[in-house]
Amino acid sequence: MPEGLNESQNVIAYIEGSEFPDEYIYIAAHSDHEGIIDGEIYPGADDNGSGTAAVFEMAEAFKKASEDGYKPKRSIVFLHVTAEEVGLHGSRYYTNNPVFPIENTISTLNIDMIGRVDERHKDDENYIYVIGADRMSTELHFIVQEANSNFTSLSLDYKYNDDSDPNRYFYRSDHYNFAQKDIPVIFFFNGEHEDYTKPTDTADKINYQLLAKRTKLIFATAWYLANSPDRLNPEII
């Protein structure tokens, strides 16, 4: 860690693939938040308790599927990264010091805030922002659309995928360090809200039904990537 920051750890779990064990799909979320500032606790229920909870649920689902005889063809890596809030340090460290060969990474699905609704969608909460899917792989873009069409029917909002968007969210969460290694990524995001990075980002404000639905979309996308007979094509067509 940079000077002035305490040591902390990334945490990994994985399920080995049955047919292509040396090809890896990452499902990632950052496990840190603001901590305690001036004696006040910042819970970070949405940022990023929602993302870490989604990773745990998907890990449990993939594990149960494996035990029931539906082991993924490719390996699934469940990655909780540290120190996102202070500069994406955990994911930068991991991509520079990977446990599994980085060149064998098929895709990274990053989850950072999927439990709330922003002002833009206050009248229709059935949405998720999808960022980065079409920047490095046209096929990945189509896969998430097909998964949504078949299983969740969310409104996929690409507003923040525009490279001219001043928020520049594509560069602000952990998927970016994987993209820097030429790995196709998707960043799933609900947008900012009035409790963003405040002590009021509490668990009672999470929309759990919507959180579950968004998690199902990410799971379906990961399932397809893991079980497709062909490796994802990392090209823009």
Side-chain angles (χ1 to χ4, degrees), residues 1-2 4-5 10 26-35 37 42 44-52 54-55 79-96 102 105 107-122 125 127-145 148 154-198 200-201 211 214 217-218 221 234-236:
M1 289 293 185
L5 294 177
N10 295 325
Y26 281 76
I27 301 176
H30 74 87
S31 56
D32 64 307
H33 188 54
E34 302 291 330
I37 301 175
Y42 285 61
D46 190 32
D47 184 15
N48 188 30
S50 62
T52 56
V55 173
L79 176 64
H80 284 96
V81 289
T82 188
E84 187 269 353
E85 298 285 3
V86 288
L88 313 185
H89 294 297
S91 56
R92 183 178 301 109
Y93 178 87
Y94 182 80
T95 53
N96 289 330
I102 202 73
T105 300
S107 180
T108 295
L109 308 179
N110 179 44
I111 313 162
D112 191 353
M113 299 174 57
I114 61 166
R116 296 280 298 270
V117 174
D118 68 359
E119 183 67 21
R120 173 178 164 88
H121 296 90
K122 64 180 182 180
E125 64 185 28
Y127 79 99
I128 186 72
Y129 290 108
V130 177
I131 302 171
D134 63 349
R135 295 196 182 202
M136 304 174 73
S137 171
T138 300
E139 184 179 10
L140 182 60
H141 176 64
F142 289 146
I143 287 170
V144 69
Q145 289 183 328
N148 183 57
L154 289 159
S155 173
L156 303 184
D157 193 330
Y158 295 96
K159 172 181 170 60
Y160 296 129
N161 189 49
D162 188 340
D163 200 38
S164 64
D165 182 79
N167 294 286
R168 294 176 63 80
Y169 288 121
F170 179 74
Y171 307 92
R172 290 172 52 185
S173 192
D174 294 297
H175 59 279
Y176 180 64
N177 285 317
F178 286 87
Q180 289 284 82
K181 302 292 185 181
D182 297 321
I183 296 164
V185 301
I186 303 178
F187 173 23
F188 295 94
F189 179 51
N190 56 215
E192 297 181 13
H193 45 75
E194 64 271 20
D195 300 305
Y196 175 62
T197 64
K198 294 179 181 178
T200 49
D201 183 9
L211 171 57
R214 290 164 171 170
L217 170 63
I218 303 165
T221 303
E235 295 180 0
I236 301 297

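Remember, predicted model here, so these are calculated numbers, not experimental data.
- Side-chain N or O atoms of D134 include none that pairs as donor or acceptor with a backbone N or O of S137 at under 3.5 Å.
- Atom CD of Q180 is separated from atom CZ of R92 by 9.0 Å, given to the nearest 0.5 angstrom.
- Residues satisfying the side-chain hydrogen bond (donor to acceptor under 3.5 Å, both in side chains) test with K159, not counting sequence neighbours, are none.
- With rounding to the nearest 0.5 Å, the separation of NE2 in H175 from CD1 in I131 is 6.5 Å.
- Proximity of a side-chain donor or acceptor of N190 to a complementary backbone N or O of V117 within less than 3.5 Å is not detected.
- One finds the OG atom of S173 at 12.5 Å from the CZ atom of F188 (value rounded to the nearest 0.5 Å).
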request  = May I have the step-by-step check of side chain to side chain contact (heavy atoms under 4.5 Å, CB included) for T52 and V55, ending in yes or no?
outcome  = CA-CA 5 Å; T52 56; V55 173; 5.6 Å; no
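- Of all heavy-atom pairs spanning T82 and N10, the tightest one is N-OD1, 2.9 Å.
- Summarising the geometry of G90 relative to A83, their closest heavy-atom pair is N-CB, 4.1 Å, with the distance given to 0.1 Å.
- Between P234 and P184, the shortest heavy-atom distance links the atoms CB-CG, 3.9 Å.
- Among the candidates Y160, F187, Y158, the single residue satisfying the ring pair (Phe, Tyr, Trp, His ring centres under 6.0 Å) test with Y129 is Y160.
- Closest approach of A133 to I186, counting heavy atoms only: CB-CG1, 3.8 Å.
- The number of heavy atoms from other shown groups lying within 6.0 Å of OH (Y93) does not exceed 12.
- To the nearest 0.5 angstrom, I27 atom CD1 is 11.0 Å from N110 atom CG.
- In this structure, the side-chain hydrogen bond (donor to acceptor under 3.5 Å, both in side chains) partners of R135, at least two apart in sequence or on a different chain, are N161, D163.
- In this structure, H33 contributes its side chain and D47 its backbone to a donor-acceptor pair below 3.5 Å.
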side-chain hydrogen bond (donor to acceptor under 3.5 Å, both in side chains) between Y42 and E85, intermediate numbers included = CA-CA 12 Å; Y42 285 61; E85 298 285 3; over 6 Å; no
request  = Determine, stepwise, if the pair K181 / F178 fulfils side chain to side chain contact (heavy atoms under 4.5 Å, CB included).
outcome  = CA-CA 5 Å; K181 302 292 185 181; F178 286 87; 5.8 Å; no
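- Checking side-chain atoms of D112 against main-chain N and O of G51 turns up no donor-acceptor pair under 3.5 Å.
- Using a 4.0 Å cut-off between a side-chain N of Lys or Arg and a carboxylate O of Asp or Glu, R120 and D157 qualify as a salt bridge.
- The closest donor-acceptor contact from the side chain of N48 to the backbone of H30 lies under 3.5 Å.
- In this structure, D201 contributes its side chain and D46 its backbone to a donor-acceptor pair below 3.5 Å.
- In plain terms, the two heavy atoms of S50 and L211 that are nearest each other are O-CD1, 3.8 Å.
- Between F170 and Y176, the ring planes are perpendicular. Angles over 60° get that label, and only those under 30° would be called parallel.
- Between atom CE of residue M113 and atom CZ of residue R214 there is a gap of 10.0 Å, rounded to the nearest 0.5 Å.
- The pair R116-E194 meets the salt-bridge criterion, with a side-chain N (NZ, NE, NH1 or NH2) lying under 4.0 Å from an Asp/Glu carboxylate O.
- The two atoms that bring I183 and S107 nearest to each other are CG2-CA, 3.9 Å, heavy atoms only.
- Taking CG of N148 as the reference point, atom CG of L156 lies at 4.0 Å (rounded to 0.5 Å).
- By the side-chain hydrogen bond (donor to acceptor under 3.5 Å, both in side chains) test, D174 pairs with S91, sequence neighbours left out.
- Looking at N167, its side chain never comes within 3.5 Å of a backbone N or O of Y169 through a donor-acceptor pair.
- Looking at heavy atoms from C-beta onward, I114 lies out of side-chain contact with F189 at the 4.5 angstrom threshold.
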